[in-house]
Q: 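Got a structure for you, written out below as structure tokens; questions coming shortly.
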Amino acid sequence: MKNKKDILILGIESSCDDTSISVVKNGREILSNVISSQIDIHTLYGGVVPEIASRNHLKNIGAVYNEALKKAGVTLDDIDAIAVTYGAGLLGSLIVGVNFAKGLAYASGKPLIAVNHIEGHIAGNYLTYKDLEPPFMCLIVSGGHTALCEMKNYTTRKLVGTTSDDAIGEAFDKVARECGLSYPGGPSVQKEAQKGQTNIKFITKPQNYKDFNFSYSGLKTAVVNYIHNKKQKGEEINVPDICASFEKEATDQVAHKAINACLAKKQKKLVISGGVSANLALRKTLDNLAKENGINVYYPELILCTDNAAMIASAGYYNYINKKGIANPKNLAPTSTIAL
Ligand code: KG4
Ligand code: ZN
């Protein structure tokens, strides 16, 4: 299972509503990736309830840890370092994973690596594409972030653009709620969109795709106002058409800007990461634009798009071998926001 030269990282992720622990070999090979999802619980409330998320992490994390080691066929003795998401995310959720990791590191004397959740999402691609190496352009599209950055090497990135208001995933979730669709919003909107026409124009002013910053609050508000107006007039709303039209405008913005950023910065590789990278309309638009412009696009496999600990273990591996992010198990503190 493990040769002398192999490096095994135990990854721990608890930043939102998934409790996940994974063992990854040499940053690229998943030996286990156990994810305990709380979707069924939060669906009852139409979104993640932080207090409930935190209590459930606490309830599940011990069993998830045992299963992750068992599936990987290893014990804690075989692990070289423990990597944990310390931010960004829900503080009450992060505290559970961080304290669990601190306890393990302190008791075992193994190094503790503090991983930025976004770094983890980017690393999800190293697990999918074994030969992918920086430099590349990266588009991060999640519930909390919409950003473009250049990965100069495994541990250094340069921000190219970010959202001035909401994140794209947040907009998907809001539109889903307004349309009465179930949580999580992104997959529900995508499912409805596949049955609809892109015949509604929510944003009428021309878009500047050469500006690499993003904005989603205008689009989100336009959809909400459209639905409210229809309802006030007693008219039916066509959910599939609303979802298809919103999805197109939302995904066009990130796709065009990402391709233009690659051209401007002379990057031939575009790596997509974060939960919204699962969106099929986004993938189709990006594939077409990339082909026209001679750019290769990389998406994580679907299970690695949304939150999981394998991506944290992979990012942890690159930090570990480059001596970055080494934390003190006595005082590592989680943080709800981290600048990209
Ligand atoms: O990366 P992620 O799992 O958590 C954060 O770090 O935020 O992303 C979650 C976001 C949610 O907003 C969810 O609605 C969105 O990703 N999402 C999607 C799809 N699958 C998940 N959005 C659009 N289409 C999808 N298929
Ligand atoms: Zn995430």
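When a ligand or atom number is given, it counts from 1 through the structure's own listing order. Below, each value reflects all heavy atoms present in this structure, side chains not excepted, and no hydrogens, waters or symmetry copies. Here the structure is a predicted model, which is why all the values come from computation and not from measurement.
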Q: I'd like to know if the side chain of Asn308 reaches the main chain of Met311, judged simply by a donor and an acceptor atom lying under 3.5 Å from each other, with no hydrogens or angles considered.
A: yes

Q: Looking only at distance, does Gly275 have an N or O less than 3.5 Å from an N or O of ligand 1?
A: yes

Q: With heavy-atom distances below 4.5 Å as the criterion, would you say the side chains of Leu332 and Tyr86 are in contact?
A: yes

Q: For residues 252-274, which residue pairs qualify under side chain to side chain donor-acceptor pair (under 3.5 Å), counting only residues two or more places apart or in two chains?
A: Glu150-Gln267, Lys248-Asp252

Q: Which atoms from ligand 1 have a heavy atom of Gly144 less than 4.0 Å away?
A: 7 (O)

Q: When you compare ligand 1 with Asn279, is there at least one nitrogen or oxygen pair between them that comes in under 3.5 angstrom?
A: yes

Q: Against heavy atoms of Asp173, which atoms of ligand 1 measure under 4.0 Å?
A: 11 (C), 12 (O), 13 (C), 14 (O)

Q: Under 4.0 Å, counting heavy atoms only: does Cys16 come that close to any atom of ligand 1?
A: no

Q: ring-ring contact (aromatic ring centres under 6.0 Å, His included) for Tyr318 and Tyr126? Distances and angles first, verdict last.
A: CA-CA 10 Å; Tyr318 288 104; Tyr126 300 138; 5.3 Å; yes

Q: Distance to 0.1 Å, residue and atom name: give those for the protein heavy atom nearest to atom 26 (N) of ligand 1.
A: Gln190 OE1, 3.2 Å

Q: Could you tell me the residue and atom name of the protein heavy atom closest to atom 15 (C) of ligand 1, and the distance to it rounded to 0.1 Å?
A: Val276 CG2, 3.9 Å

Q: So, Tyr298 versus Phe136, ring centres under 6.0 angstrom or not?
A: no

Q: Is Glu247 close enough to touch ligand 1? Criterion: a residue heavy atom under 4.0 Å from a ligand atom.
A: no

Q: Take Phe202 and Tyr226, measure what ring-ring contact (aromatic ring centres under 6.0 Å, His included) needs, and give me the verdict at the end.
A: CA-CA 8 Å; Phe202 291 115; Tyr226 174 90; 5.5 Å; yes

Q: Using distance alone, decide if ligand 1 has a nitrogen or oxygen within less than 3.5 Å of any nitrogen or oxygen in Gly143.
A: yes

Q: Could you give the side-chain donor-acceptor pairs of residues 15-24 under 3.5 Å, partners two or more places apart or in another chain?
A:
{"from": "Ser15", "atom 1": "OG", "to": "Glu13", "atom 2": "OE2", "distance (Å)": "2.6"}
{"from": "Ser15", "atom 1": "OG", "to": "His117", "atom 2": "ND1", "distance (Å)": "3.4"}
{"from": "Asp17", "atom 1": "OD2", "to": "Tyr183", "atom 2": "OH", "distance (Å)": "3.0"}
{"from": "Thr19", "atom 1": "OG1", "to": "His57", "atom 2": "ND1", "distance (Å)": "2.8"}
{"from": "Ser20", "atom 1": "OG", "to": "Val34", "atom 2": "O", "distance (Å)": "2.8"}
{"from": "Ser20", "atom 1": "OG", "to": "Ala309", "atom 2": "N", "distance (Å)": "2.9"}
{"from": "Ser22", "atom 1": "OG", "to": "Ser32", "atom 2": "O", "distance (Å)": "2.7"}

Q: Please answer whether the main-chain N or O of Asp6 pairs with a side-chain N or O of Asn3 as donor and acceptor at a distance below 3.5 Å.
A: no

Q: Taking the side chain as C-beta and beyond, is there a heavy-atom pair between Asn33 and Leu304 under 4.5 Å?
A: yes

Q: Which protein atoms of type N, O or S are found under 2.8 Å from the Zn ion (ligand 2)?
A: His117 NE2, His121 NE2, Asp307 OD1

Q: Is there a side-chain contact between Gln190 and Asn279 in this structure, where contact means two heavy atoms from C-beta onward sitting under 4.5 Å apart?
A: yes

Q: Less than 4.5 Å apart, any side-chain heavy atom of Asp166 and any of Thr146?
A: no

Q: Do any nitrogen or oxygen atoms of Thr306 lie less than 3.5 angstrom from nitrogen or oxygen atoms of ligand 1?
A: no

Q: Show the atoms of ligand 1 that are less than 4.0 angstrom away from any heavy atom in His117.
A: 6 (O)

Q: Indicate, as side chain, backbone, both or neither, the part of His145 found under 4.0 angstrom from ligand 1 when only non-hydrogen atoms are considered.
A: neither

Q: Would Gly169 count as being in polar contact with ligand 1, using the rule that some N or O on each side must be under 3.5 angstrom apart?
A: yes

Q: Any nitrogen or oxygen of Gly186 lying under 3.5 Å from a nitrogen or oxygen in ligand 1? Just yes or no.
A: yes

Q: How far is atom 2 (P) of ligand 1 from its nearest protein heavy atom, and which residue and atom name does that atom have?
A: Asp307 OD1, 3.5 Å

Q: Identify, with sequence neighbours excluded, every residue that meets side-chain contact (heavy atoms from CB on, under 4.5 Å) alongside Asn288.
A: Lys284

Q: Any atoms of ligand 1 less than 4.0 Å from a non-hydrogen atom of Pro187? List them with their elements.
A: 19 (C), 20 (N), 21 (C), 25 (C)

Q: Is there a donor-acceptor contact under 3.5 Å from the side chain of Asp80 to the main chain of Ile9?
A: no

Q: Checking side chain to side chain contact (heavy atoms under 4.5 Å, CB included) between Ser36 and each of Val64, Ile61, Asn56, which is the one that passes?
A: Val64

